[in-house]
Amino acid sequence: MDLINEAIVHAANAWWILPVVCLFCFIDGFLPILPSETLLVALGVVAASSGTPNVYLLILAGAVGAITGDQVAYALGRRIGTERFAWMRRKRTRKLFAFARRELNERGAMLIFTARYVPIGRVVVNLSSGATGFSHRRFTVLDAAGCLAWASYSVAIGVLAGAWFHDNQLLGIALSVGLAIIMGYLIDKLSHAVLVRLGRRRNSYPDPMSTGTQTPVRDPGPVRVPGDDPEDQPTAGSTG
């Protein structure tokens, strides 16, 4: 066990660890195949017990990578849309895209901010933002704030667990990663429930421009064009 802990600390002290964190978070912004949260949480545990890597540089590397990756996803969404590949046309994925498009129009800030905590959810929202023409400037500002909060949150979980299990980094990593997964699941469910509830509440309000009654529209009948009526046609003996 001590040998494993020493190996973990040694890897965390390597010069390449922060570039790797940035790369993981970058790829995870448009292709959720790398465990970027897991890496941030694990390194947070090591930072709490050994002092390296620097916590603030770790948060910065994660945030920069995430922001850049989300920009790639936004550009892909604008260029190819959300129907190009087979996985995008699956029933469940299409429902996610439809939900994201609808909520971006109504509560874009909340959706972009909370989707960052859900691996597949953030990719769907990033692609949908580009495909629907969501303001790029607004997306960038909201996404930057969300990525910074997400990176800080992930590292904080690791730091907290590392403080509890100071002498056993491996156990701290395992428990903190499990906690991060559970928290991500809860954030996903809670944010989805809030968005759905807000959408239902909005739809339940009457349209303020509607009077509640409909005025029947009278059919004006066919439009008569001069020359169509036989009586308007000149007779054979007419001199005009």
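Just so you know, these numbers use all the heavy atoms, side chains as well, and skip hydrogens, waters and symmetry mates.
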Any residue meeting ring-ring contact (aromatic ring centres under 6.0 Å, His included) with [X], in chain and number order, not counting sequence neighbours:
X      : result
Phe134 : none
Phe26  : Phe30
Phe113 : none

Point to revise | More than 12 heavy atoms from other groups under 6.0 Å of CD1 on Ile120 | key: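 No, CD1 of Ile120 has 12 or fewer neighbouring heavy atoms, counting only those of other groups under 6.0 Å.
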
Practice item. Tell me, please, which residues at least two apart from Thr140 pass side-chain hydrogen bond (donor to acceptor under 3.5 Å, both in side chains). Key: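 side-chain hydrogen bond (donor to acceptor under 3.5 Å, both in side chains) list for Thr140, sorted by chain: Gln71.
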
Practice item. Could you tell me which residues satisfy side-chain hydrogen bond (donor to acceptor under 3.5 Å, both in side chains) with Arg138, sequence neighbours excluded, listed by chain and number? Key: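 Expected list: none.
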
Review point. For Ala47, what residues pass the side chain to side chain contact (heavy atoms under 4.5 Å, CB included) criterion, not counting sequence neighbours?
Key: Pro53, Val55

Review point. Tell me, which pairs form a salt bridge (charged side-chain N to carboxylate O under 4.0 Å, His left out) where one or both residues lie in residues 43-68, sequence neighbours left out?
Key: none

Point to revise | Side chains of Val155 and Val41 in contact at under 4.5 Å (non-hydrogen atoms) | key: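 Sidechains of Val41 and Val155: no contact.
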
Exercise for review: Write out all pairs satisfying side chain to side chain donor-acceptor pair (under 3.5 Å) with one or both partners inside residues 58-69, taking only residues at least two apart or from two chains.
Suggested key: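 Residue pairs passing side chain to side chain donor-acceptor pair (under 3.5 Å), neighbours aside: none found.
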
Practice item. With sequence neighbours excluded, give me every side chain to side chain donor-acceptor pair (under 3.5 Å) pair touching residues 123-134. Key: Asp70-Asn126

Would you mind writing out the side-chain donor-acceptor pairs for residues 141-152 within the sub-3.5 Å range, not counting sequence neighbours?
| unit_1 | atom_1 | unit_2 | atom_2 | d |
| --- | --- | --- | --- | --- |
| Trp150 | NE1 | Glu37 | OE2 | 3.3 |
| Ser152 | OG | Leu148 | O | 2.8 |

Practice item. Not counting sequence neighbours, which residues clear salt bridge (Lys or Arg N to Asp or Glu O under 4.0 Å) with Asp28? List them please. Key: Arg122

Practice item. List, by chain and number, the other hydrophobic cluster members for Tyr56, where Ile, Leu, Val, Met, Phe, Trp and Tyr join if side-chain heavy atoms come within less than 4.5 Å, directly or indirectly. Key: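 Members besides Tyr56: none; it forms no cluster.
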
